[in-house]
Amino acid sequence: MRALAGRRDLACINTATLGHREPFERTVRRVAAAGFEYISPWRREIDEDHPEEAAKLIRAAGLKTGGYCRTEYFSADDVAGAKAAIDSNRRAVEVAAVLGAPFVVAVVGGLAPHSKDIEASRAQILEGLAALVPTLRSTGVGIALEPLHPFYAADRSLLNTVEQARQWCELLDPRNESIFGIAVDAYHVWWDPELEMSLQRAAGRVKALHVCDWLRETHEPLLDRGMMGDGVIDLERLRGMVERGGFTGPIEVEIFSKDNWWRRPPDEVLNVCRQRLDTVV
Ligand code: ZN
């Protein structure tokens with residue numbers, strides 16, 4: 001297992017951790033100063049008509065782009081909606097290429113808004129992902145499929161375990177040409193009794209490792225994520241499982257915390273993230 005202490009080159013911050021309170025330019029400067037080499041921005045922060053401007057900011061700060069967040073939901077009530085999602089996600093892939101991001105994180109979508117047909121929605125999602133293949137091939141950017149905790153199955157993601165993500169990778173990218181891989185987010189997968197076995201089977205497929213913590217007395221499961229070390233997840237063990245599968249990328253901190261960390265000064269948040277990467281992840 002890699003030692004993370006002092007490893008700027010293994011430290012990545014997802015900008016959502018800072019609550020999107022400041023202009024991207026300022027965020028980039030803070031992240032670089034706090035000892036991270038990678039930054040993973042969200043689409044809302046990037047002018048997708050002129051992504052080269054953000055790319056320039058990132059490079060000028062001495063940073064690299066981790067991943068690009070994120071796809072729109074592929075599930076939709078009608079053909080026009082599904083097509084619009086694919087078009088938007090194609091654009092995200094093109095922008096990721098300009099930003100130098102190796103992958104776009106895919107949060108695939110839950111049930112289509114007026115549907116109870118879970119199989120049909122899953123099929124629609126897979127079709128949408130497959131439609132991106134020509135753009136993925138031409139840009140060299142991959143998709144990191146992020147399984148979400150099953151709490152989100154209705155409204156955000158019908159992809160819910162690492163094993164399911166591995167199966168989708170097999171379907172979409174059978175020769176493992178790195179077109180499709182997996183984003184393992186500790187918050188979403190820590191509870192899975194088959195996690196270790198799933199990660200063994202998914203060796204060579206993991207593109208990203210997102211860390212935060214699950215607070216034992218959490219208020220709600222979307223915007224009350226904990227700082228690493230403040231909750232119940234054995235992050236070091238989880239990282240070990242991922243790294244034994246051949247993962248060599250940076251560790252990405254991603255904390256959605258409306259009532260706590262998003263209220264604290266950004267530099268404090270970054271410094272605590274950096275310390276906890278060194279000590280508890
Ligand atoms: Zn994540």
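Note that these values count all heavy atoms, side chains included, but never hydrogens, waters or copies made by symmetry. Every number for a ligand or one of its atoms is a count from 1 in the order of the listing. Quick caveat, the model's predicted, so the values are computed rather than measured.
- Residue-level check: among N/O/S atoms of Glu254, OE1 sits closest to the Zn ion (ligand 1).
- Rounding to the nearest 0.5 Å places CH2 of Trp190 at 11.5 Å from CG of Asp234.
- Side-chain contact annotation: Thr161 with Glu194, donor-acceptor N/O pair under 3.5 Å absent.
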Exercise for the section: For side-chain contact (heavy atoms from CB on, under 4.5 Å), just list the numbers for Ser40 and Val105, CA-CA rounded to whole Å, side-chain angles, deciding distance to a tenth of an Å, and then say yes or no. Expected result: CA-CA 10 Å; Ser40 292; Val105 173; over 6 Å; no
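- Counting just the N/O/S atoms of Asp185, the one with the shortest distance to the Zn ion (ligand 1) is named OD2.
- Neither side chain, Thr71 nor Asn89, offers a donor N or O lying under 3.5 Å from an acceptor on the other.
- Per residue His210, closest N, O or S atom to the Zn ion (ligand 1): atom name ND1.
- With respect to the Zn ion (ligand 1), Glu146 has OE2 as its nearest N, O or S atom.
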